[in-house]
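Read through the structure below, which is laid out as structure tokens, and then see the notes.
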Amino acid sequence: MAPRAYWKGTLKLSLVSCPVALYPATTAAEKTRFHMINRETGNRLKQQMVDSETGDVVESDQKGRGYELRKGKYVEIEPEELEAVQIESNHTIDIESFVPSDEIDQRYLNHPYYIAPDGKAAVDAFAVIRDAMKDQDRVALAKIVLTNREHIIAIEPLGKGLLGTTLRFPYELRDEDQFFDDIKSPRITKDMVELAGHILHTKAAHFDPSKFKDEYETALKALVKRKASGKTIELPEREERPSNVVSLMDALKQSLKGRGGRKTAAKSHARRAAGRQRSAKKTHRSTARQRKAG
């Protein structure tokens with residue numbers, strides 16, 4: 001059974017338009033989830049809204065929305081007042097511009113959606129827009145209204161369809177300076193950088209998400225299965241954390257040794273280091289001779 005569309009509307013590129021459907025590209029359906037239960041009865045618990053001051057349970061007809069102006073002081077916003085500022089969807093994705101894909105800051109990427117033609121009559125126009133984007137190697141930027149809020153969506157070809165990714169607004173991003181300004185700039189030797197480079201080389205690979213393993217999720221499923229079958233759960237002993245390595249150079253060297261069959265890089269580095277040392281000694285001897293001659 002085909003998944004239900006999250007949104008339906010029209011994709012427009014100038015005067016070219018076609019009906020499309022959006023489908024969430026991600027799902028959390030397979031993740032293990034737990035419910036809160038009563039230990040004595042085994043029944044599931046339900047949550048209730050409680051007044052933070054009086055402790056009384058608040059009924060649904062007493063619930064409202066409020067914006068905190070200052071600590072403990074709220075301005076109440078009525079439902080009809082919210083509706084007055086909500087943006088009504090025209091069910092149109094109107095492409096406004098095309099940008100190079102490498103100009104999109106990865107931090108702005110939010111939620112991905114698959115975009116597919118909605119009906120046989122839409123296939124031709126959809127293919128024209130998709131293939132034109134492939135030829136230009138550009139990403140389309142458009143506006144879309146989802147759940148009464150306007151979003152910017154980046155659209156790019158993906159196989160036979162399109163991938164649409166909603167983007168965050170600038171105010172949703174934190175300024176990196178507040179996290180990076182205090183990072184010091186220590187003096188790192190060239191040898192250390194070269195050793196680290198060798199380690200990177202031994203771990204070089206291609207992006208392959210099929211190799212991603214959610215070990216915690218696997219352990220959760222195994223735990224639930226064992227518990228449901230009446231087996232006892234043995235708690236593992238906590239492993240002691242290894243002490244911090246004092247010497248960064250020693251840590252780099254040990255990392256290279258730990259890569260079995262990867263001694264070539266270490267030998268190459270050692271030869272270069274030895275060569276630099278010999279060259280330095282020759283220079284020193286030559287300088288000494290010149291001084292004696294003088």
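What you see is a predicted model, and the numbers here were worked out from it, not measured in a lab.
- Under a cut-off of 6.0 angstrom, the local environment of CD in Gln136 is sparse, with at most 12 non-hydrogen atoms contributed by other residues, nucleotides or ligands.
- A donor-acceptor contact shorter than 3.5 Å is absent between the side chain of Arg44 and the backbone of Met36.
- Summarising the local packing, CD of Glu172 is surrounded by more than 12 heavy atoms from other residues, nucleotides or ligands at distances under 6.0 Å.
- A distance of 10.5 Å separates CG in Asp135 from CZ in Arg130, rounded to the nearest 0.5 Å.
- Under a cut-off of 6.0 angstrom, the local environment of CG in Asp214 is crowded, with over 12 non-hydrogen atoms contributed by other residues, nucleotides or ligands.
- Between Ile87 and Asn148 the shortest side-chain heavy-atom distance does not fall below 4.5 Å.
- Side-chain atoms of Lys231 and Lys225, non-hydrogen and from C-beta on, never get closer than 4.5 Å to each other.
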Audit row: Lys221, Thr218, side chain to side chain contact (heavy atoms under 4.5 Å, CB included) steps and yes/no: CA-CA 5 Å; Lys221 283 183 165 59; Thr218 302; 6.0 Å; no
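- Leu223 CG to Ile233 CD1: the interatomic distance, rounded to the nearest 0.5 Å, is 5.0 Å.
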List the steps, then state whether side chain to side chain contact (heavy atoms under 4.5 Å, CB included) holds for Met133 with Ile155. CA-CA 9 Å; Met133 291 174 64; Ile155 304 170; 4.2 Å; yes
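- Looking at Lys253 and Leu195, their side chains come closer than 4.5 Å, going by heavy atoms from C-beta outward.
- Just one residue in the list Thr26, Leu163, Leu162, Leu146 forms a side chain to side chain contact (heavy atoms under 4.5 Å, CB included) with Tyr113, and that residue is Leu146.
- Between Arg138 and Pro100 the shortest side-chain heavy-atom distance falls below 4.5 Å.
- At least one side-chain heavy atom of Thr10 sits less than 4.5 Å from a side-chain heavy atom of Lys12.
- Enclosure of atom CZ in Phe34 by more than 12 non-hydrogen atoms of other residues, nucleotides or ligands within 6.0 angstrom is indicated.
- For the atom pair Arg107 CZ and Glu176 CD, the distance stands at 5.0 Å (nearest 0.5 Å).
- Cluster membership check: Ile152 does not share its hydrophobic cluster with Ile95, using side-chain heavy-atom separations under 4.5 Å among Ile, Leu, Val, Met, Phe, Trp and Tyr.
- Annotation for Lys63: atom NZ counts as buried by contact number, over 12 foreign heavy atoms lying within 6.0 Å.
- The line from CD1 of Ile153 to OG1 of Thr165 is 7.0 Å long, rounded to the nearest 0.5 Å.
- Heavy atoms of other residues, nucleotides or ligands lying less than 6.0 angstrom from CD of Glu53 number 12 at most.
- Residue Glu81 places its CD atom among more than 12 non-hydrogen atoms of other residues, nucleotides or ligands, all under 6.0 Å distant.
- Hydrophobic clustering places Ile104 together with Tyr171 (ILVMFWY residues linked when any side-chain heavy atoms are closer than 4.5 Å, directly or through intermediates).
- A continuous path of Ile, Leu, Val, Met, Phe, Trp and Tyr side chains, each step under 4.5 Å between heavy atoms, connects Leu11 with Leu13, placing both in one hydrophobic cluster.
- Taking the side chain as every heavy atom from C-beta outward, Phe126 and Pro19 never approach each other to under 4.5 Å.
- Aromatic pair Tyr114/Tyr6: centroids not less than 6.0 angstrom apart.
- For the atom pair CD1 (Ile144) and OG1 (Thr166), the distance works out to 9.0 Å, reported to the nearest 0.5 Å.
- Of all the heavy atoms in Arg226 and Ser229, the pair that sits closest is O-OG, 2.9 Å.
- When all heavy atoms of Val58 and Asp51 are compared, the closest pair comes out as CG2-N, 3.8 Å.
- If you take CD1 on Ile129 and CG on Asp124, they are separated by 11.5 Å, rounding to the nearest 0.5 Å.
- Contact record, Glu40 with Asn38: N-OD1, 2.9 Å, taken as the closest heavy-atom pair.
- Inter-residue side-chain proximity for Lys190 and Val193 is flagged as unmet; no heavy-atom pair is nearer than 4.5 Å.
- At most 12 non-hydrogen atoms from other residues, nucleotides or ligands lie less than 6.0 angstrom from OH of Tyr67.
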